[in-house]
There are 4 protein chains.
Amino acid sequence: MKVFAAKGYHYATVEDIAAEAGAAKGSVHAYFESKLDVLLTLLLMFWKTINTMNAEKLAGEQDPLAALKAVFATFRELLLKSGDSLCWGRILQEGLPQLHTLKSRDLRNKQLAIARQQRRLVHTIDSIIRAGQQQGRICTTVRHDVLRQMLGGASQLLIYGLFMKSGTGIGYSAQDIQASFNQLIDAFAL
Amino acid sequence: MKVFAAKGYHYATVEDIAAEAGAAKGSVHAYFESKLDVLLTLLLMFWKTINTMNAEKLAGEQDPLAALKAVFATFRELLLKSGDSLCWGRILQEGLPQLHTLKSRDLRNKQLAIARQQRRLVHTIDSIIRAGQQQGRICTTVRHDVLRQMLGGASQLLIYGLFMKSGTGIGYSAQDIQASFNQLIDAFAL
Amino acid sequence: MKVFAAKGYHYATVEDIAAEAGAAKGSVHAYFESKLDVLLTLLLMFWKTINTMNAEKLAGEQDPLAALKAVFATFRELLLKSGDSLCWGRILQEGLPQLHTLKSRDLRNKQLAIARQQRRLVHTIDSIIRAGQQQGRICTTVRHDVLRQMLGGASQLLIYGLFMKSGTGIGYSAQDIQASFNQLIDAFAL
Amino acid sequence: MKVFAAKGYHYATVEDIAAEAGAAKGSVHAYFESKLDVLLTLLLMFWKTINTMNAEKLAGEQDPLAALKAVFATFRELLLKSGDSLCWGRILQEGLPQLHTLKSRDLRNKQLAIARQQRRLVHTIDSIIRAGQQQGRICTTVRHDVLRQMLGGASQLLIYGLFMKSGTGIGYSAQDIQASFNQLIDAFAL
DNA sequence: TATGAATGAGGATTCATTCAT
DNA sequence: AATGAATGAATCCTCATTCAT
């Protein structure tokens with residue numbers, strides 16, 4: 001994760017990964033089918049964790065606005081967990097090869113599993129928004145999918161901003177994000 | 001641009017690029033120092049265009065809310081220009097090598113120029129927001145840089161959504177974006 | 001061919017092949033899909049040549065015994081052509097990977113083409129033998145396929161013997177083979 | 001033996017060998033210096049067995065033709081022993097690395113021992129033929145080494161034929177070989 | 001003695017880049 | 001100016017071998 005985050009998938013070598021783990025090149029292939037498998041495994045882990053955490057948090061939560069805030073808080077927590085680097089953030093952005101280019105069946109399945117987890121998160125958010133709209137708690141002039149994308153994008157770039165190098169005009173902290181993002185959600189509340 | 005967008009920087013070969021341009025592999029290097037140079041040139045072109053278009057649109061525009069809407073409209077126009085594919089979108093996400101890894105001085109300069117253009121856009125947006133806040137037109141409970149990141153992120157993911165494959169829960173069109181995004185901006189107006 | 005013959009397929013590296021050809025490693029892959037493709041191409045070339053030469057020689061040949069002698073003479077000519085090394089001989093013995101292990105469709109087709117050419121030679125020999133048996137010129141107490149295998153094996157090992165290192169009890173020359181092999185064929189004539 | 005026969009030396013892994021033996025990878029190296037050592041050990045075993053069996057059979061055999069038949073019968077027995085696969089046959093064909101490439105003295109010695117056993121078989125056959133020629137039982141128009149190679153090659157390919165896949169024009173059985181091969185020997189009897 | 005996790009040398013392959021034509 | 005054949009650096013992956021347990 002560290003290596004991919006620091007160098008990007010393509011500039012990271014298997015040797016780099018092994019070295020970071022304090023192991024030898026060959027050992028990486030003892031645990032992963034290929035370099036791509038390492039990436040896919042990480043991605044799958046990320047999305048699964050997101051969904052698991054959300055499931056726990058949302059159990060029993062009735063208020064759609066609170067639920068929405070909780071979901072995006074999960075996202076922030078996970079992205080910020082590693083502390084000093086935007087590990088997940090950079091990994092999530094990596095362009096993956098087309099599904100049909102994947103040689104092994106196992107890898108194809110992994111990529112499908114990732115897509116499934118991503119869809120699950122999407123579905124979670126959309127359900128909350130639609131429920132909120134039906135309860136008259138969330139404004140209905142915005143499509144649920146549009147709102148979901150806006151919130152997701154805003155959330156992402158806010159976090160990325162935390163790790164941007166100086167000189168890019170970012171002066172806020174993790175705390176600022178929390179408050180402002182909740183204000184954003186409230187802007188769509190009724 | 002098409003090739004990078006379709007395959008991603010690393011999966012695109014110089015041969016692909018040349019073929020798309022109806023030229024031969026060697027010719028690419030007659031006009032570009034390297035493959036990376038092609039990408040950097042494209043990126044620089046993108047950001048320069050963004051800033052140029054903004055400069056034109058904003059000349060004489062007094063209303064900060066209208067100005068903000070115009071700036072993000074520019075972004076959308078450019079990203080959507082190619083019509084049937086998210087060319088710029090994918091290109092913009094490509095992980096670039098670290099500045100210090102770049103061998104040639106020319107490439108380093110180009111990357112710096114890109115950063116300059118990106119900062120210029122950031123400055124443009126921030127100026128509008130701060131002016132709006134001073135004029136009492138934009139709410140001051142949100143930092144200007146936080147608002148800028150939120151708007152930028154929302155804008156990006158909305159557009160990416162347009163190109164996502166079916167099954168990802170995207171049902172909106174380019175028109176939906178326009179209205180919803182302006183509503184988002186208005187949510188921060190006073 | 002020289003490299004495969006000298007080192008064997010697996011002990012020969014692509015670099016060796018390139019060096020022998022006075023070219024660079026990468027150039028091998030400009031003309032061949034893979035190292036295996038080099039081998040398959042050579043094998044296909046060999047079997048095609050065998051069949052072509054036979055077709056020419058046998059046109060108009062009525063005598064089955066003369067025809068048989070001609071076919072095996074072709075085999076000898078080709079194996080001995082390179083002069084100072086048993087190029088084809090060693091290449092022909094190389095164990096090939098199973099058809100289904102082959103990654104590319106092109107390689108699979110090449111291997112099938114080789115099998116086709118081999119079958120064609122087998123068919124050529126068998127036809128001659130059967131015709132000879134029907135004409136009462138070749139003894140019928142031996143199955144045509146048995147005789148074909150015996151003649152083929154004898155032919156092969158005779159030639160291999162020519163290239164065996166001293167100390168293996170080989171004292172004959174290429175001329176001795178010709179006479180003795182024809183005597184072998186005559187042993188089955190009526 | 002089974003593994004080498006099924007996959008070929010280079011496509012067989014030590015893990016395969018261990019698995020077939022119901023042991024673990026590491027155990028192979030407890031009994032053999034290296035993978036090549038396994039192969040050489042098998043080869044040496046084969047040739048030693050051949051010579052031992054021949055020594056027993058030939059003790060007291062006066063008739064050179066009967067002796068020749070016995071020697072090649074031994075060869076057939078051994079090659080066909082495994083029953084359903086051409087184990088020895090494929091192993092015998094494996095291209096070995098050049099003697100001087102062998103790292104360990106032990107391996108070099110083993111390879112020399114194999115060569116010694118091969119020479120011993122050659123000598124056995126040649127002695128029989130020469131004795132037969134001196135006794136006027138075997139025709140003298142063929143050199144003893146030429147006859148030995150012809151018989152050996154014929155014998156080999158006949159047996160290989162038994163294991164060839166269908167579609168290669170092989171229709172005979174192990175019994176057909178016996179009779180036909182003896183007829184071949186008789187063809188050189190006086 | 002048996003194991004199997006860890007190792008790293010070895011080699012095939014890719015593809016950006018060069019340069020003679 | 002355009003080409004594309006040739007190059008070789010870069011790197012993934014395999015698997016024989018080692019060795020601590």
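Keep in mind that this is a model prediction, so the values were computed, not measured. Reminder, nothing fancy here: chain letters follow the sequence lines and each chain counts from 1.
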Whichever of B/Lys103 and B/Val28 has the more 5' nearest nucleotide on DNA chain F, that residue is B/Val28
Residue set satisfying ring pair (Phe, Tyr, Trp, His ring centres under 6.0 Å) with D/Tyr11, at least two apart, ordered chain then number -> C/His10
Nearest 0.5 Å, what's the CZ-CG distance between D/Phe4 and D/Leu92? 13.0 Å
Within the 4.5 Å heavy-atom criterion, are C/Lys81 and C/Leu78 side-chain neighbours or not? yes
According to side chain to side chain donor-acceptor pair (under 3.5 Å), does anything in residues 18-36 of chain C pair up with another residue at least two apart or in another chain? List the pairs. C/Glu33-C/Ser104
Base-paired stretches in DNA chain E with three or more consecutive Watson-Crick or G-U pairs, both distances under 3.5 Å, amount to E:2-21 with F:2-21
Mind listing the residues from residues 29-40 of chain C sitting with a heavy atom below 4.0 Å of DNA chain F? Number order is fine. C/Tyr31
So does B/His100 get a backbone contact from the side chain of B/Arg108, meaning a donor-acceptor N/O pair under 3.5 Å? no
For D/Gln117, does its backbone N or O pair with a side-chain atom of D/Asn51 as donor and acceptor, under 3.5 Å? yes
Heavy-atom pair with the smallest gap, counting every atom of A/Pro97 and A/Leu36: CG-CD2, 3.7 Å
Please give me the minimum heavy-atom distance between B/Phe32 and B/Asp37, naming the atom from each residue. CA-OD2, 3.4 Å
Bounds of contact between DNA chain E and chain B, in 5' to 3' order, using a heavy-atom cut-off under 4.0 Å: E/dA16 to E/dT18
Heavy-atom distance under 4.5 Å between the side chains of D/Phe46 and D/Leu79, does that happen here? yes
Taking DNA chain F as the partner, which of residues 1-25 of chain D come within under 4.0 angstrom of it by heavy atom? D/Ala12, D/Thr13, D/Val14, D/Lys25
Roughly how far apart are B/Ile114 CD1 and B/Leu44 CG, rounded to 0.5 Å? 5.5 Å
Nearest heavy-atom approach of B/Leu96 to B/Leu40 is CD1-CD2, 4.1 Å
Taking all non-hydrogen atoms of both residues, which atom of D/Met1 and which atom of D/Ile91 are closest, and how far apart? CG-CD1, 3.3 Å
